[in-house]
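For reference, the structure is listed below as structure tokens.
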Amino acid sequence: MERSCLVFLQRLYFAANTMFMISQGLLEKYNQPVPRYTSYPTVPSWEEPISRDDWERGFSQQFSILNSKEGISLYLHLPFCESLCTYCGCNKKITTNHSVEDIYIKALVREWRLYLRLMPEKPIIRELHLGGGTPTFFSPENLHKMLSTILQYAEIHPDHQFSFEGHPNNTTREHLEILYDLGFRRVSFGVQDNDPQVQFIINRIQPFENVVKVTNMAREIGYTSVNFDLIYGLPKQTIESMERTLLQTISLRPDRVAFYSYAHVPWNSRGQRLFDTKDLPPAALKMQLYRLGKFHFTANGYADIGMDHFALPTDELHKARYAGTADCPTGSTRLHRNFMGYTTQSSTLMVGLGVSAISDAANAYAQNKKTIREYYEAINNGHLAVTKGYFLTEEDLSFKKYILDISCKGATSFDPADLALLEEFSFPQLRMLAKDGLLQWNETGLQLTSLGHHFIRNICSAFDLHLRRKQPAERTFSLSV
């Protein structure tokens with residue numbers, strides 16, 4: 001018992017000192033909106049429409065190169081929700097009519113078969129994720145029907161990772177058991193906040209008892225990674241309410257936590273127009289909420305993976321992030337980043353199925369049509385629903401590598417062929433970042449400092465040439481929270 005208390009106090013001391021190292025001035029300096037870099041170039045730089053023929057040709061070529069070497073990732077976007085969470089900026093369809101499930105599944109399977117025509121061999125699925133919307137809107141039987149149909153046309157990699165997003169209110173034991181039997185071992189529950197007042201204003205009422213119940217069920221069944229999503233900066237959040245949510249969360253020991261910053265974009269999300277802006281925490285309070293979360297997570301054994309993610313040492317994400325270091329000397333997996341966020345799978349080819357889903361062919365991106373009507377129309381006419389995308393140039397591929405390296409490894413090496421561009425656009429930013437103690441660098445590469453790890457998005461933005469060419473340097477930084 002004494003040793004446990006000592007370890008806890010040491011962690012507490014370390015966390016407190018780590019947070020105090022980040023001055024308020026530094027936080028304020030870099031507090032400007034910058035992307036999370038789940039892609040580069042980011043979606044605002046993409047073109048609409050794109051050539052479907054060019055996308056299909058390029059996808060087929062990349063599949064031939066990457067499938068046997070890496071396998072593929074598969075993302076299924078399931079957009080339906082029974083009620084509107086007013087904070088949510090995702091592509092969703094609100095309905096209580098569950099007859100939509102069967103129609104949507106048929107379209108999703110048709111789309112998968114259209115992609116299969118572009119694959120000269122059987123796809124090897126390395127990673128599969130169900131996102132939404134609310135995937136557990138679908139009945140367990142329908143999820144089984146959809147997934148078993150898709151998987152019968154594919155091989156499953158022995159080192160696969162299957163995961164899904166679950167709502168604590170409607171994820172049943174049957175959901176968990178059926179998906180477990182299909183190979184799912186990770187579930188991410190959208191908790192967001194446990195405070196009743198906050199839940200009321202964002203229209204997501206879910207008693208903490210429901211979170212406890214579904215977490216325990218998942219572990220009883222055998223899920224090896226149970227994750228929570230939390231959001232700070234929501235309307236009505238206070239230091240006191242956030243601390244209660246954090247302590248309740250930590251009491252359940254989720255294997256990893258995504259601690260997201262609420263983005264208020266009412267011009268893109270109608271539900272957010274229902275908020276009175278005076279209910280939103282001011283910028284200074286929002287920073288305090290983040291610092292409080294980071295303090296509690298690091299004091300309780302969670303490592304800061306970067307880009308809003310925290311993980312326990314036993315979680316695969318932690319092992320991938322710290323593989324080969326003193327924190328994980330025997331680690332062998334490596335961290336990767338794609339549209340699903342951080343992942344331990346290294347496949348660079350991702351197929352996105354469903355309305356608004358995004359596919360990534362490593363050298364090109366394609367996004368499906370954003371309305372269900374348009375999506376159904378395309379699929380029912382026998383062609384892919386891609387509408388928006390981007391074909392990367394050689395310049396894009398080079399700078400995408402720098403951004404991925406920084407996001408996943410905390411370091412990168414520069415290609416001498418890029419020095420002219422780096423000198424014009426990136427090096428001026430690196431000089432400022434280094435002056436603030438966030439990194440060490442020279443013309444051959446850079447390494448993040450422990451302080452710089454808290455500002456990963458800021459450092460990535462130094463290599464975002466699409467952003468750099470549009471905006472002056474002093475306006476393009478953002479706190480990585």
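Values below: all heavy atoms of this structure, side chains included; hydrogens, waters and symmetry mates excluded. Since we're looking at a predicted model, the values are computed, not measured.
Residues Leu335 and Leu317 are in side-chain contact: their nearest non-hydrogen atoms beyond the backbone lie under 4.5 Å apart. Between Leu143 and Leu78 there is a side-chain heavy-atom pair separated by less than 4.5 Å. Annotation: side chain of Leu404 is in contact with side chain of Arg337 (closest heavy-atom distance under 4.5 Å). Met307 is listed as a side-chain neighbour of Arg457, based on a closest heavy-atom distance under 4.5 Å. You'll find the side chain of Glu141 reaches within 4.5 Å of the side chain of Glu174, heavy atoms only. The shortest distance between side-chain heavy atoms of Ser39 and Asp360 does not fall below 4.5 Å. Looking only at side-chain heavy atoms (C-beta outward), Asn210 and Val214 stay at 4.5 Å or farther from each other. For the pair Ser163/Val187, no side-chain contact is recorded, criterion being any heavy-atom separation below 4.5 Å from C-beta on.
Checked by atom type and distance alone, the side chain of Arg204 pairs as donor or acceptor with a backbone atom of Gly190 at under 3.5 Å. A distance-only check finds no donor-acceptor pair linking the side chain of Ser188 to the backbone of Phe228 [under 3.5 Å]. Between the side chain of Tyr342 and the backbone N or O of Ser407, at least one donor-acceptor pair lies under 3.5 Å. The backbone N or O of His157 lies less than 3.5 Å from a partner atom in the side chain of His160, making a donor-acceptor pair. Of the possible donor and acceptor atoms, none in the side chain of His77 sits under 3.5 Å from a partner among the backbone N and O of Leu130. The backbone N or O of Phe427 sits nowhere less than 3.5 Å from a side-chain atom of Trp441 that would complete a donor-acceptor pair. Of the possible polar contacts, one joining the Lys92 side chain to the Cys90 backbone as a donor-acceptor pair under 3.5 Å is found. The backbone N or O of Ala362 lies less than 3.5 Å from a partner atom in the side chain of Lys400, making a donor-acceptor pair. Under a 3.5 Å cut-off, the side chain of Arg185 and the backbone N or O of Tyr180 do form a donor-acceptor pair. No donor-acceptor pair closer than 3.5 Å links the side chain of Thr171 to the backbone N or O of Pro168.
Residues Ser261 and Ile231 approach most closely at C-CG2, 4.4 Å, considering heavy atoms. The shortest heavy-atom contact between Gly166 and Thr136 is CA-OG1, 4.0 Å. Minimum heavy-atom separation, Ile305 to Ile456: O-CD1, 4.5 Å.
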Next item on the list: Could you walk me through whether Asp193 and Lys236 pass the salt bridge (Lys or Arg N to Asp or Glu O under 4.0 Å) test, one step at a time?
Entry: CA-CA 11 Å; Asp193 192 288; Lys236 298 290 187 182; over 6 Å; no
Next item on the list: Carefully, step by step, assess Phe80 and Tyr104 under the rule ring-ring contact (aromatic ring centres under 6.0 Å, His included).
Entry: CA-CA 10 Å; Phe80 302 109; Tyr104 192 80; 5.4 Å; yes
Note to self: Could you go through Leu147 and Phe162, starting from their C-alpha distance and side-chain angles, then the distance that decides it, and tell me whether this counts as side chain to side chain contact (heavy atoms under 4.5 Å, CB included)?
What the structure shows: CA-CA 11 Å; Leu147 291 166; Phe162 290 1; over 6 Å; no
Margin query: Test side-chain hydrogen bond (donor to acceptor under 3.5 Å, both in side chains) on Asn338 and Tyr75; report intermediate values, then the result.
Written below: CA-CA 11 Å; Asn338 58 25; Tyr75 171 75; over 6 Å; no
Next item on the list: Could you go through the side chain to side chain contact (heavy atoms under 4.5 Å, CB included) check for Thr348 and His336 one step at a time?
Entry: CA-CA 9 Å; Thr348 51; His336 182 59; 4.1 Å; yes
Note to self: Using the rule given for side chain to side chain contact (heavy atoms under 4.5 Å, CB included), can you reason through Tyr390 versus His466, listing the C-alpha separation, both sets of side-chain angles and the distance that settles it, and then say yes or no?
What the structure shows: CA-CA 13 Å; Tyr390 190 92; His466 292 261; 3.2 Å; yes
Next item on the list: Kindly indicate, with the supporting measurements, whether the criterion salt bridge (Lys or Arg N to Asp or Glu O under 4.0 Å) is fulfilled by Asp255 and Arg219.
Entry: CA-CA 11 Å; Asp255 297 274; Arg219 287 183 169 144; 3.7 Å; yes
Next item on the list: Applying side-chain hydrogen bond (donor to acceptor under 3.5 Å, both in side chains), run through Asp279 and Thr277 and close with a yes or a no.
Entry: CA-CA 5 Å; Asp279 290 327; Thr277 53; over 6 Å; no
Next item on the list: Output, in order, the C-alpha distance, side-chain angles, deciding distance and verdict of side-chain hydrogen bond (donor to acceptor under 3.5 Å, both in side chains) for Thr134 and Glu82.
Entry: CA-CA 8 Å; Thr134 306; Glu82 287 195 338; over 6 Å; no
Next item on the list: Check step by step if side chain to side chain contact (heavy atoms under 4.5 Å, CB included) holds for Met350 and Leu74.
Entry: CA-CA 6 Å; Met350 183 172 75; Leu74 189 58; over 6 Å; no
Notebook entry, point to check: Checking ring-ring contact (aromatic ring centres under 6.0 Å, His included) for the pair Tyr302/Phe297: CA distance, chi angles, key distance, verdict?
Noted result: CA-CA 5 Å; Tyr302 290 83; Phe297 291 132; 5.7 Å; yes
Note to self: With side-chain hydrogen bond (donor to acceptor under 3.5 Å, both in side chains) as the criterion, how do Thr95 and Asn97 come out once you've worked through the C-alpha distance, each side chain's angles and the decisive distance to 0.1 Å?
What the structure shows: CA-CA 5 Å; Thr95 181; Asn97 177 13; 5.0 Å; no
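Checked by atom type, the side-chain pair Thr86/Asn203 shows no donor-acceptor distance below 3.5 Å. Checked by atom type, the side-chain pair Gln429/Ser461 shows no donor-acceptor distance below 3.5 Å. For the residue pair Asn368 / Ser356, no side-chain donor-acceptor distance below 3.5 Å is found, with atom types taken as modelled. If you check the side chains of Thr371 and Glu374, you find a donor sitting under 3.5 Å from an acceptor. Side-chain N/O atoms of His175 and Thr172 include a donor and acceptor closer than 3.5 Å. A side-chain N or O of Glu165 and one of His129 form a donor-acceptor pair less than 3.5 Å apart. There is a side-chain donor-acceptor pair under 3.5 Å between Glu101 and His98. Residues Gln248 and Asn194 have side chains that bring a donor and an acceptor to within less than 3.5 angstrom of each other. In summary, the side chains of Gln237 and Tyr232 do not present any donor paired with an acceptor at a separation below 3.5 Å, with no hydrogens or angles considered. Side-chain atoms of Gln197 and Ser241 include no donor-acceptor pair closer than 3.5 Å.
Between His309 and Phe259, the ring center distance fails the sub-6.0 Å criterion. Ring to ring, Tyr262 and Tyr87 are not that close: their centroids are 6.0 angstrom or more apart. Side-chain rings of Phe339 and Tyr365 approach one another, their centers coming within less than 6.0 Å.
Classified by interplanar angle (parallel below 30°, tilted 30° to 60°, perpendicular above 60°), the ring pair Phe164/Tyr223 is perpendicular. Ring planes of Phe399 and Tyr402: perpendicular class, angle over 60° (limits at 30 and 60°).
Lys409 and Asp405 are joined by a salt bridge, as a carboxylate oxygen and a charged side-chain nitrogen come within less than 4.0 angstrom of each other.
Taking NZ of Lys93 as the reference point, atom CD1 of Ile372 lies at 6.0 Å (rounded to 0.5 Å). Between atom CZ of residue Arg468 and atom CG of residue Leu465 there is a gap of 8.5 Å, rounded to the nearest 0.5 Å.
Just one residue in the list Gln161, Arg186, Glu316 forms a side chain to side chain donor-acceptor pair (under 3.5 Å) with Thr344, and that residue is Gln161.
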